[in-house]
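Below, chains carry the letters A, B, ... as their sequence lines are ordered, and counting in each starts from 1.
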Amino acid sequence: MEEAFMKRTANCGELRAKDEGKEVILNGWVHRDRNHGALHFINLRDRYGMTQVVVDDDADAELVKRASELKLEYCIAVKGKVRKRPESMVNKEMPTGEIEVKAEKIEILSPSDTLPFMIEDETNAKEDLRLKYRFLDLRSKGMQDRIRLRHEFIKAIRQFFYKTDFYEIETPTLIRSTPEGARDFLVPSRIYPGKFFALPQSPQLYKQLLMVSGFDKYFQIARCYRDEDPRGDRQLEFTQLDLEMSFVTREDILDLMEKLFREVFKKVVNVELPEHFKRLSYHDAMNTYGSDKPDLRFSLEIKDGLPLVDITSFQILKDIKEKNGAVKFLVAPKKEGFDYTRKYLAELEESAKIYGASALYFMKAEDGKLQGGISKFFEGKNDEVLSITGAKTGDVILVIAHENWKKACNSMGAVRSKLGADLNLIKKGFEFCWIIDFPLFEYNEDEGHWEAAHHMFSMPQSEYIETLEEDPGRVKGDLYDLVLNGYEVASGSIRIHDVELQKRIFRICNIPDDMAEERFGFLLNAFRFSPPPHGGIAPGIDRICMIIADQSSIKEVIAYPKNTAAMSPMDESPAEVEQKQLDELSIMIKPKKDEA
RNA sequence: GUGGGAGUAGCGAAGCUGGUUAUCGCGCUGGCCUGUCACGCCGGAGAUCGCGGGUUCAAGUCCCGUCUCUCACGCCA
């Protein structure tokens with residue numbers, strides 16, 4: 001019996017000089033096609049690589065004709081013999097560059113329309129077009145590499161956990177709301193007309209129940225859904241490694257994560273991470289780097305500007321200090337070939353204003369003197385300013401003042417980030433750090449009440465527990481974030497496991513007991529039956545892969561395009577969809593007559 | 001929700017202060033080519049300049065409206 005098509009005996013990435021003389025069949029796509037008249041070269045591509053196929057000058061008429069029919073991205077089968085390329089024709093750029101396959105027969109398995117954009121390592125087609133033709137975009141080497149990276153990353157995570165006594169457990173996805181603070185995606189229920197399921201924002205409640213059940217250690221590669229505006233580093237639908245452990249302290253969890261990332265980064269990108277990651281308190285991170293997710297690939301530090309206020313005649317700074325606000329300064333370093341022009345300083349100010357600063361003040365240090373900007377407010381105090389700031393000739397002292405400490409920090413943080421990028425200060429590599437001692441509550445001005453800064457199930461640090469209600473703003477939580485190159489990549493905490501404490505937290509967050517009972521009753525109920533002390537953390541797989549893939553967008557490292565992941569939303573109302581789906585299903589189930 | 005940017009051939013772009021045939025590269029197409037590998041060379045087709053309106057002798061270019069995309073903020077960790 002003749003085969004349906006010439007099925008491959010080798011892939012396009014594996015043939016080498018040692019395979020010389022082998023008769024092979026390759027299957028793949030026509031990546032490039034170079035026709036020289038009597039000689040014809042075809043780069044045949046599959047996910048394993050690329051192999052050059054030659055239609056030589058001794059080819060018979062049929063082979064020549066078939067080869068001339070080929071166009072880009074035709075899916076073909078080639079039968080031929082592996083041969084070494086002539087010495088001077090070896091392509092060192094290609095892993096298979098020492099050989100080529102001399103075609104004896106070509107079969108077109110499937111032709112292709114003219115492409116909407118070229119399949120290149122990195123295409124410059126616009127995002128929406130690439131997403132419309134996602135299947136073509138994913139044929140490119142750049143995209144295949146990203147998807148492979150993601151695969152390797154998840155594989156390495158699983159390998160790590162399979163050596164431990166963690167259980168991998170899946171939690172439900174048609175659930176009642178998990179309160180992470182974002183909007184829920186809702187799914188109408190057919191069985192309970194008019195009612196809805198929520199898709200999980202995280203497996204939070206369920207993993208806590210698993211701890212109450214005594215599973216002790218659990219992990220899951222979990223899909224999560226949050227109905228908020230997407231960004232380059234944030235999707236509606238995303239994947240995280242979710243884990244929870246019983247009878248542990250914060251140190252156990254941080255330690256586990258450091259071990260995990262050391263092993264995984266070694267395996268996946270062959271990078272040695274330090275044994276322990278730097279730690280910064282939330283306050284130190286904000287004060288020093290102007291961000292709770294600082295990029296430590298460059299050191300540029302923000303300093304407290306209050307000492308400057310004591311020696312200035314600048315009333316605006318004095319007023320801010322009077323009101324207990326924050327004054328921050330940053331010394332922008334001199335750099336050869338880079339001028340702090342008026343225009344550039346205005347750009348820096350713009351980036352500060354986005355985060356609420358009303359102005360970015362500056363003065364230049366030149367030969368032991370201050371020049372320009374606000375220097376006139378430091379008449380006769382040049383030496384003091386230079387000694388406080390440490391500024392040297394060519395440096396620029398940047399100052400931000402704001403009544404609101406957080407806004408002052410964030411604004412200067414934006415300036416720091418821009419300087420880091422523009423002055424090329426950012427080193428290659430991976431800088432992890434822990435941010436710890438987060439405040440447990442934040443005041444929501446719009447709603448007029450306190451709310452959980454992270455989520456409502458995180459433990460306050462023990463010294464605050466008795467006096468929680470007195471001033472929620474000063475309560476630090478047993479919360480920890482893992483930050484990589486300026487992105488938050490994991491977030492975790494030690495959980496509350498006590499009904500009364502949980503209810504107090506709910507009350508502070510303006511959730512009265514009856515509402516708490518209604519929404520989280522099943523968790524509160526579980527807490528009545530000897531829940532163990534426990535805690536966990538959830539690293540975002542998409543974002544870490546994005547950073548490893550050199551900060552391509554998350555759209556590029558996950559398998560689904562934007563909006564609701566796989567597709568843009570449907571127009572029909574749920575009821576219409578349901579009927580339509582049933583109709584389609586019944587057509588599919590009925591066998592066609594001629595097939596039966 | 002707010003603000004910035006963009007929409008010109010299948011794709012990516014150019015088109016300065018309005019001026020008569022809208023340019024370039026890739027792709028497509030016809031031909032030539034025995035060693036290419038982003039092959040090369042010669043020719044060709046392909047665009048009511050997002051859409052609607054306005055100003056003007058004249059609009060891709062200026063104005064108003066509108067849609068779409070995109071980035072930042074808000075929101076969200």
Verify stack between Phe41(A) ring and U36(B) base, 5.5 Å, 30 degrees: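 Stack criterion met.
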
Ring centroids of His36(A) and U36(B) base under 5.5 Å with planes under 30°: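 Per 5.5 Å and 30° rule: no stacking.
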
Spacing of [X] atom [atom1] relative to [N] atom [atom2], expressed in whole Å:
{"X": "His31(A)", "N": "A38(B)", "atom1": "NE2", "atom2": "P", "result": "10 Å"}
{"X": "Lys141(A)", "N": "A38(B)", "atom1": "NZ", "atom2": "P", "result": "14 Å"}
{"X": "Glu93(A)", "N": "A38(B)", "atom1": "CD", "atom2": "P", "result": "8 Å"}
{"X": "Ile119(A)", "N": "C26(B)", "atom1": "CD1", "atom2": "C1'", "result": "13 Å"}
{"X": "His40(A)", "N": "U36(B)", "atom1": "NE2", "atom2": "C1'", "result": "11 Å"}
{"X": "Leu129(A)", "N": "A13(B)", "atom1": "CG", "atom2": "P", "result": "11 Å"}
{"X": "Tyr487(A)", "N": "C76(B)", "atom1": "OH", "atom2": "P", "result": "20 Å"}
{"X": "Lys102(A)", "N": "U34(B)", "atom1": "NZ", "atom2": "C1'", "result": "12 Å"}

Between [Y] and [X], is the closest basic N to carboxylate O distance under 4.0 Å?
{"X": "Lys141(A)", "Y": "Asp145(A)", "value": "yes"}
{"X": "Asp56(A)", "Y": "Lys102(A)", "value": "yes"}
{"X": "Glu350(A)", "Y": "Lys418(A)", "value": "no"}
{"X": "Asp295(A)", "Y": "Arg297(A)", "value": "yes"}
{"X": "Arg250(A)", "Y": "Asp437(A)", "value": "yes"}
{"X": "Arg183(A)", "Y": "Glu228(A)", "value": "yes"}
{"X": "Asp478(A)", "Y": "Arg495(A)", "value": "no"}
{"X": "Glu69(A)", "Y": "Arg66(A)", "value": "yes"}

When the [atom1] atoms of [M] and [N] are compared, how many Å lie between them, rounded to an integer?
{"N": "U23(B)", "M": "G44(B)", "atom1": "P", "result": "13 Å"}
{"N": "G1(B)", "M": "G46(B)", "atom1": "P", "result": "43 Å"}
{"N": "G54(B)", "M": "G12(B)", "atom1": "P", "result": "31 Å"}
{"N": "G30(B)", "M": "A45(B)", "atom1": "C1'", "result": "10 Å"}
{"N": "U21(B)", "M": "C33(B)", "atom1": "C1'", "result": "34 Å"}
{"N": "C71(B)", "M": "C64(B)", "atom1": "P", "result": "26 Å"}
{"N": "U8(B)", "M": "A47(B)", "atom1": "C1'", "result": "7 Å"}
{"N": "A59(B)", "M": "G53(B)", "atom1": "P", "result": "14 Å"}

Angle between ring planes, [X] versus [Y], binned at 30° and 60°: parallel, tilted or perpendicular?
{"X": "Phe506(A)", "Y": "Phe457(A)", "answer": "perpendicular"}
{"X": "Phe432(A)", "Y": "Phe277(A)", "answer": "parallel"}
{"X": "Tyr282(A)", "Y": "Phe438(A)", "answer": "tilted"}

Watson-Crick or G-U stems involving RNA chain B, each at least 3 pairs long, distances under 3.5 Å, ordered by first number: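 Stems for RNA chain B, defined as runs of 3 or more consecutive pairs: B:1-7 with B:67-73, B:10-13 with B:23-26, B:28-32 with B:40-44, B:50-54 with B:62-66.
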
5' priority, RNA chain B, between Glu451(A) and Thr123(A) [closest heavy atom]: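 Mapping each residue to its closest nucleotide by heavy atoms, the 5'-most match is Thr123(A).
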
Residue whose closest nucleotide on RNA chain B lies nearer the 5' end, Asp33(A) versus Ile354(A):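 Per heavy-atom nearest nucleotide, the more 5' residue is Asp33(A).
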
Among [options], which is the nearest nucleotide to the side chain of [X]?
{"X": "Asp128(A)", "options": "A72(B), C69(B), G35(B)", "result": "C69(B)"}
{"X": "Met89(A)", "options": "G35(B), C75(B), C11(B)", "result": "G35(B)"}
{"X": "Ala38(A)", "options": "C73(B), U34(B), C11(B)", "result": "U34(B)"}
{"X": "Gln52(A)", "options": "U34(B), U36(B), C33(B)", "result": "U36(B)"}
{"X": "Asn124(A)", "options": "G12(B), G10(B), U34(B)", "result": "G12(B)"}
{"X": "Arg83(A)", "options": "C71(B), G35(B), C37(B)", "result": "G35(B)"}

Dump every N/O contact between nucleotides 28-31 of chain B and the protein below 3.5 Å, one line per pair.
residue : atom : partner  : partner atom : Å
U29(B)  : OP1  : Lys71(A) : NZ           : 3.3

Donor-acceptor pair present, Arg226(A) side chain and C76(B) base, under 3.5 Å: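 No, no donor-acceptor pair under 3.5 Å.
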
Within the structure shown, what part of the strands sits under 4.0 Å from [X] by heavy-atom distance: base, sugar-phosphate, or nothing?
{"X": "Glu100(A)", "value": "base"}
{"X": "Arg45(A)", "value": "nothing"}
{"X": "Met118(A)", "value": "sugar-phosphate"}
{"X": "Arg32(A)", "value": "sugar-phosphate"}

Heavy-atom pair of closest approach, residues Ile496(A) and His534(A):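 So the two residues come closest at O-CE1, 4.3 Å.
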
Lys81(A) atom NZ, neighbour heavy-atom count above 12 within 6.0 Å: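 Result for NZ/Lys81(A): open.
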
Nucleotide-resolved protein contact map, nucleotides 1-6 of chain B, B/S/- at heavy-atom distance under 4.0 Å: B-----

Between CD1 on residue Ile426(A) and CG on residue Asn424(A), distance to nearest 0.5 Å: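 It is 8.0 Å, given to the nearest 0.5 Å.
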
Residue-phosphate contact under 4.0 Å: Arg34(A) side-chain N/O, C39(B) OP1/OP2: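 So the side chain of Arg34(A) is within the cut-off, an N or O lying under 4.0 Å from OP1 or OP2 of C39(B).
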
Cation-pi, Phe298(A) ring and Arg416(A) (6.0 angstrom, 45 degrees):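 Yes, Arg416(A) sits over the ring of Phe298(A).
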
